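No experiment lies behind these values; they were computed from the predicted model shown.
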Amino acid sequence: MANFAKVLLLLASVATFVYTFFVVGKLMLFLSTPRSISKAHTWIFNLLDNKSRLETAYGPIVFDTLYLIAFIFQHSFLKSAMVKHLWRTLGLAAAERTIYSLTSSICLHYLLENWLPAQSIVLWQIDVDESAPLWWTFVVTHGLGWAVIFGGSLIMDLPELLGIKQVYYDLKEYGEPIAYKSKELRNLYSHFRHPSFVGLSVILFATNVMSLDRLLLASLLTVYMYVAWSTDDKDVAYQKQQLQCKKHELKAQ
C-alpha cells in the first residue's frame, strides 16, 4: 500500500513537471513576444498633462501588484522551515519540492491569465516590426537570456529542481538526492535554486514597449531575486573552482 501511494506520488510529480513546462512556455510568450505600438501610448514625461491616463492605469497597477505579491509570498512562504516541518510531519517530505513547483506554477499561471496591461503610460517604445535589425536584436537578446536560464537549470539538476528525483528516490528507498552532492554544492543550493539572475533581469527589462505594468513586473521580480539570493564568498569560490575544473576537462579532450 505504501509503495502504491509512492507510485501515485511519482505520477503526480511527473504531471507537475509537465505542467510547469507548460506554464514556463506561457511565461516565455508573455515576456518575449514583441509588443505592438499603439498611438494611445503616452510617454512618462507627459504625466503632468495627462491626468486621465494616470487614472486609467491606476486600477491595473493595483491588481497586478496584488498578483505579484501573492506569487512572491507563495514562493517564499513554502520554502520556510515551518512549512518544510509540516510536510515531514504529514509524511510528505519527499513531495516537498513537487508541491512547491506545483503551487508556484499555479500562482504564476493565474498571474499570466489575469494580468492587466497599463499601456496608457510608457517609458519607451520601439517598433521592432518595421526594422529587421531591431527585430533580430530583440529576438537574439531574449533567446540568449532563455538559453542561459534553461542551461543553468539543466546544470543544477532539473529533475531535482522540480521534485521528480526526490519522489523517485523515495520510491526506491534511496537517500535524499541532495545527500549525494558535495557540502559546497549543498551550501550553494541553500542560498538559491534558480539559475541566472542576469538572464531573467535582461528578459524582464529588454522589452520594446516599457509600459507601466511591465515596469512594475520587472522591478518587483528583480528586487525579489536580489533579496532572495544570498550567496556568500564560499559560493563564489566554489563556482570559480568548478569553472576552472571544466576548463581543464575541455583542454584535456
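Residue W135 comes nearest to V128 through the heavy atom pair CB-O, 3.4 Å, listed as atom of the first residue, atom of the second, then distance. Of all non-hydrogen atoms in I72 and L220, the two that sit nearest each other are CD1-O, 4.4 Å. When all heavy atoms of P34 and F138 are compared, the closest pair comes out as CG-CE2, 3.5 Å. Annotation for I149 and G199: closest pair CD1-C, 4.2 Å, computed over non-hydrogen atoms. Between S104 and Q74, the shortest heavy-atom contact is OG-NE2, 3.0 Å. Among all heavy-atom pairs drawn from S219 and F205, the shortest one is N-CZ, 4.1 Å.
Note: F30 and W115 have perpendicular aromatic rings, judged against thresholds of 30 and 60 degrees for the angle between ring planes.
A distance-only check finds no donor-acceptor pair linking the side chain of W146 to the backbone of I203 [under 3.5 Å]. In this structure, T103 contributes its side chain and Y100 its backbone to a donor-acceptor pair below 3.5 Å. Within the 3.5 Å criterion, the main-chain N or O of L9 finds no donor-acceptor partner in the side chain of S13. In terms of modelled atom types and a separation under 3.5 Å, the side chain of R214 and the main chain of A118 share no donor-acceptor contact.
Residue I69 is not grouped with residue M225 when hydrophobic side chains (ILVMFWY) are merged at heavy-atom distances under 4.5 angstrom, including chains of intermediate members. Transitive grouping of hydrophobic side chains (ILVMFWY, heavy atoms separated by less than 4.5 Å) brings V24 and F22 into a common cluster. Two different hydrophobic clusters hold L108 and V18 under the rule that ILVMFWY side chains link at heavy-atom gaps under 4.5 Å.
Checked for salt-bridge contact, D170 and R97 miss the test: no charged N lies under 4.0 Å from a carboxylate O.
Counted by atom type alone, Y224 and H75 present zero donor-acceptor pairs between their side chains at under 3.5 Å. Under 3.5 Å, the side chains of Q166 and T98 contain no donor-acceptor pair of N or O atoms. Checking S201 against Y226 by side-chain atom types alone, no donor-acceptor pair falls below 3.5 Å. If you check the side chains of S105 and T20, you find a donor sitting under 3.5 Å from an acceptor.
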request  = Would you sort out whether L212 and I61 count as a side-chain contact (heavy atoms from CB on, under 4.5 Å), showing the intermediate values?
outcome  = CA-CA 8 Å; L212 201 57; I61 291 302; 4.0 Å; yes

ask   = Stepwise, does the side-chain contact (heavy atoms from CB on, under 4.5 Å) test hold for L92 with L86?
value = CA-CA 8 Å; L92 295 172; L86 175 63; over 6 Å; no

task = Report the C-alpha distance between Y67 and E113 in whole Å, list the side-chain angles of each, state the deciding distance to 0.1 Å, and finish with yes or no for side-chain contact (heavy atoms from CB on, under 4.5 Å).
result = CA-CA 11 Å; Y67 299 149; E113 291 295 322; over 6 Å; no

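Open room surrounds OH on Y168; 12 or fewer heavy atoms of other groups in view lie less than 6.0 Å from it.
Shown are D129, D127, D213; of these, the salt bridge (charged side-chain N to carboxylate O under 4.0 Å, His left out) with R35 is made only by D213.
Taking the ring centroids of F21 and F17, they lie under the 6.0 Å cut-off.
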